[in-house]
Amino acid sequence: MRDQIKLAIEQATAAAQAAGQLPAFDLPAVEILRPKQADHGDYSTNVAMLAAAALRKAGHAGNPRAISQIIADHVPADGPIGRVEIAGPGFINIFLAERWLQQQVNHIVRAGDDFGNINLGNGARWQVEYVSANPTGPIHYGGARNGALGDALANVLEAAGYVVQREFYVNDAGNQFSIFAATLYARYAQLFGHDEPIPEDGYAGEYMVGYAQMLADQHGDRFLHMAKADAVAELKPLSEEIVLAALQAELGKLGIQYDRWFREQSLYDNGLVHEILEKLRAQGDIAERDGAVWFLASKYSQVDKDVVVIRSNGMPTYFASDIAYHYDKFVVRGFDRVINVWGVDHQGHVSRMAAIMQALGLDPARLTIVLHGLVKLIRDGQEVKLSKRRGNLITLGEVVDEVGADAVRFNLLTRGPESAIEFDLNLAAQASWDNPVCYVQYSHARICSMVIKAKQEGVALHSELDHSALLTHPAEIAVIRKLLELEEQIEWAVEKLSPHNLTHYGTDLAKTFNGFYRDCRVVDPLDPALSAARLQLCEAARLGLAKTLRLLGIAAPTSM
RNA sequence: GCGCCUGUAGCUCAGUGGAUUAGAGCAUUGGUCUUCGGAACCAAGGGUCGGGGGUUCGAAUCCCUCCAGGCGUACCA
């Protein structure tokens with residue numbers, strides 16, 4: 001949409017130059033703006049002001065208002081632009097043609113679920129990796145934000161023409177997972193009456209008993225008939241199955257599903273970690289120091305410290321496998337671009353990832369880390385401290401059960417990623433009736449019910465006849481205008497790699513629709529043509545609301 | 001100490017160098033309609049955009065500085 005406007009303005013400027021009314025000059029990039037005030041048009045452009053500055057630099061006279069008038073005179077009369085106005089210091093205000101707007105209703109309905117889709121991606125293969133929590137227990141509430149963000153981002157990228165793969169990286173090779181397995185063994189042994197203490201630094205949470213019970217149900221007491229070390233080693237992969245199933249179920253409550261669960265251990269099993277470290281050693285990026293093996297990150301810009309990849313005790317750090325993991329993403333699997341969604345507490349890792357990319361000979365711009373602020377849970381006016389290790393945690397699943405998946409997602413997605421969030425459980429639970437998410441969903445449900453009502457009254461949607469020219473009421477035109485913003489909203493979300501604008505857009509669209517509902521009677525048996533036109537508009541609005549909600553990962557109910 | 005992020009209405013937050021008037025939701029106050037779903041709609045009050053400098057036609061937005069808060073600065077992840 002905006003591109004069409006931009007093109008028209010560029011053509012008008014070129015036409016003015018061809019006609020000799022404007023001297024030749026390098027036109028700066030034309031900016032098409034969305035004015036805040038409606039009487040400033042649907043769009044506006046400051047091209048005349050920019051052109052004036054360029055002309056003055058080139059020694060010509062440059063009066064912005066005069067230039068804007070010349071350009072305005074050459075704007076093509078047909079197409080989406082109905083009229084233009086010159087305003088202020090030289091703004092060109094652009095008003096869309098009413099007939100053109102009316103016609104968009106049918107285009108939207110015809111597009112159906114594809115309404116709003118754009119083609120920025122052109123089929124480029126992107127990967128979004130999100131949540132990626134340690135597989136050592138339920139996901140704490142902070143993971144909900146990561147998940148909601150990553151999932152919505154993936155949705156938006158798909159709508160923008162990218163082929164997206166959603167991935168969860170399972171840290172099953174590190175120290176934490178070993179401690180987890182050892183803890184599970186202890187809980188398991190305890191179930192059979194053995195006095196087996198939970199290891200120091202073990203996972204003391206009660207949920208471990210549940211996992212142990214599952215293990216006992218599936219395998220009986222057979223791990224007690226072997227040496228402890230053997231038992232722990234043998235139950236490790238089994239415990240991973242148990243915990244991954246739990247993670248999957250919990251994330252499913254939030255509506256999150258993955259294309260692939262990528263196991264860190266697989267990078268050791270197939271030798272890739274070793275292979276890549278040798279490659280880096282050969283090119284001088286790896287060195288021994290103080291008994292440990294280091295990646296010489298400080299060779300690269302913006303990193304001041306080297307990073308240990310193999311500890312002096314011979315155990316690799318997570319960073320060793322991370323190098324191989326990203327090699328796998330870009331070189332083995334060939335993603336064009338990768339988005340990693342991380343909590344801001346991992347920010348120290350970001351610059352080192354850029355160093356990895358350079359060391360691997362990859363363009364660092366192909367890897368983007370989206371950092372999000374942390375979530376502070378408030379209950380009864382007090383901060384709830386979370387610690388998986390100590391076992392006093394509030395899980396993602398618990399919060400979803402308490403507040404509802406839709407409200408959780410909407411709430412977390414109204415903020416930009418960088419903001420820190422204070423989430424008041426009492427408030428969220430009690431305010432759920434007044435929650436904006438309900439407002440948007442309600443508008444969707446209301447339209448669905450109106451369509452049923454229309455059928456009952458014998459007012460059907462005449463799709464074979466086009467009555468769109470009857471949509472002349474300001475409230476009707478306002479809905480169409482708002483619907484046409486969706487593409488720009490998706491574009492914006494992709495550019496910023498944040499979908500939070502869509503929550504505000506959804507509320508906005510619902511509000512605009514409700515204004516129409518107030519002012520315009522839709523189902524009127526005495527005026528079937530107008531009813532049909534308005535029902536068609538309702539369907540378009542429904543599609544817009546449903547699409548927005550779907551992108552956010554929120555249900556669009558037909559009744560509430 | 002150094003680095004990154006944040007500071008906008010009573011609260012939670014949007015805001016893309018643009019337009020005498022910086023927006024939304026919640027909360028507060030008042031109002032509408034003999035309801036195509038009242039979980040609606042309309043209106044009002046409420047602001048030193050953390051402070052101070054600068055850049056330019058123009059700054060919440062860019063630069064500098066100070067203040068306040070968060071996070072990072074591991075042979076943890």
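Because the structure is predicted, anything quoted here is derived from the model rather than measured. Reminder, nothing fancy here: chain letters follow the sequence lines and each chain counts from 1.
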Query raised in the report: Just checking Arg415(A): base, sugar-phosphate only, or nothing, at a heavy-atom cut-off of under 4.0 Å?
Result: sugar-phosphate
Query raised in the report: Heavy atoms under 4.0 Å, any strand shown: does His346(A) hit a base, just sugar-phosphate, or nothing?
Result: base
Query raised in the report: Considering only side-chain heavy atoms of Ser312(A), which listed nucleotide, C75(B), G15(B), A77(B), is closest?
Result: C75(B)
Report task. Determine the contact category for Asp290(A): base if any of its heavy atoms lies under 4.0 Å from a base atom, sugar-phosphate if only primed atoms, P, OP1 or OP2 are that close, otherwise nothing. Result -> base
Query raised in the report: So what does Leu371(A) hit on the nucleic acid, given a heavy-atom distance under 4.0 Å: a base, only sugar-phosphate, or nothing?
Result: nothing
Query raised in the report: Out of A74(B), C75(B), G37(B), which nucleotide sits closest to the side chain of Lys305(A)?
Result: A74(B)
Query raised in the report: Is any side-chain nitrogen or oxygen of Tyr439(A) closer than 4.0 Å to OP1 or OP2 of C41(B)?
Result: yes
Query - Ion pair Arg263(A)/Glu240(A), N-O distance below 4.0 Å - result: yes
Report summary line: Answer for the Watson-Crick or wobble partner of A68(B), both distances under 3.5 Å, is U6(B)
**Report entry** Ring-base stacking, Trp492(A) with U16(B) (5.5 Å, 30° cut-offs)
**Finding:** no
Query raised in the report: Which part of the nucleic acid, if any, lies within reach of Ala420(A) when heavy atoms closer than 4.0 Å are counted: base, sugar-phosphate only, or nothing?
Result: sugar-phosphate
Report summary line: Judged by nearest nucleotide, the residue sitting upstream toward the 5' end of RNA chain B, Asn501(A) or Lys376(A), is Asn501(A)
Requested in this report: Quick one: label Ser44(A) by what it contacts on the DNA or RNA (base, sugar-phosphate, nothing), any heavy atom closer than 4.0 Å.
Outcome: base
Query raised in the report: Asp306(A) CG to A74(B) C1': how many Å, rounded?
Result: 14 Å
Query raised in the report: Which nucleotide, G37(B), C71(B), A77(B), lies nearest any side-chain atom of Gln347(A)?
Result: C71(B)
Report task. State whether a side-chain donor-acceptor pair under 3.5 Å links Glu264(A) with Ser321(A). Result -> yes
Query - Nucleotide paired to G30(B) in any strand shown, Watson-Crick or G-U, under 3.5 Å - result: C42(B)
Query raised in the report: Which part of the nucleic acid, if any, lies within reach of Cys520(A) when heavy atoms closer than 4.0 Å are counted: base, sugar-phosphate only, or nothing?
Result: base
**Report entry** Candidates C5(B), A74(B), G25(B) - which lies nearest the side chain of Pro436(A)
**Finding:** G25(B)
Query raised in the report: Is any side-chain N or O of Thr503(A) closer than 4.0 Å to OP1 or OP2 of A24(B)?
Result: no
Requested in this report: For a side-chain hydrogen bond (donor to acceptor under 3.5 Å, both in side chains) with Asn340(A), tell me which candidate from His326(A), Glu167(A), His349(A), His346(A) qualifies.
Outcome: His326(A)
Report summary line: Judged by nearest nucleotide, the residue sitting upstream toward the 5' end of RNA chain B, Gly416(A) or Arg521(A), is Gly416(A)
Requested in this report: Would you classify Met315(A) as touching base, sugar-phosphate or nothing, given that sugar-phosphate means primed atoms plus P, OP1 and OP2, and contacts are heavy atoms under 4.0 Å?
Outcome: nothing
Query raised in the report: With a non-hydrogen cut-off below 4.0 angstrom, is Asn93(A) in contact with a base, only sugar-phosphate, or nothing?
Result: base
Requested in this report: Scan Thr548(A), Asn501(A), Asp508(A) and name whichever one has a side-chain hydrogen bond (donor to acceptor under 3.5 Å, both in side chains) with Gln489(A).
Outcome: Asn501(A)
Query raised in the report: Among C75(B), C36(B), G37(B), which nucleotide sits nearest the side chain of Lys453(A)?
Result: C36(B)
Query raised in the report: Which of the following nucleotides, C75(B), G15(B), G37(B), is nearest to the side chain of Trp294(A)?
Result: C75(B)
Requested in this report: For C42(B), take OP1 and OP2 only and decide whether either is under 4.0 Å from a side-chain N or O of Arg518(A).
Outcome: yes
Query raised in the report: In terms of side-chain heavy atoms of Asn514(A), which of G25(B), C76(B), C41(B) is nearest?
Result: C41(B)
Query raised in the report: Within less than 4.0 Å of OP1 or OP2 of A77(B), is there a side-chain N or O belonging to Asn134(A)?
Result: no
Report task. Identify whether the distance between the nearest side-chain nitrogen and carboxylate oxygen of Glu288(A) and Arg281(A) falls below 4.0 Å. Result -> yes
Query - Basic-acidic side-chain contact under 4.0 Å: Arg289(A), Asp306(A) - result: yes
Report task. Check every strand shown and say whether Glu422(A) touches a base, only sugar-phosphate, or nothing at a heavy-atom separation below 4.0 Å. Result -> sugar-phosphate
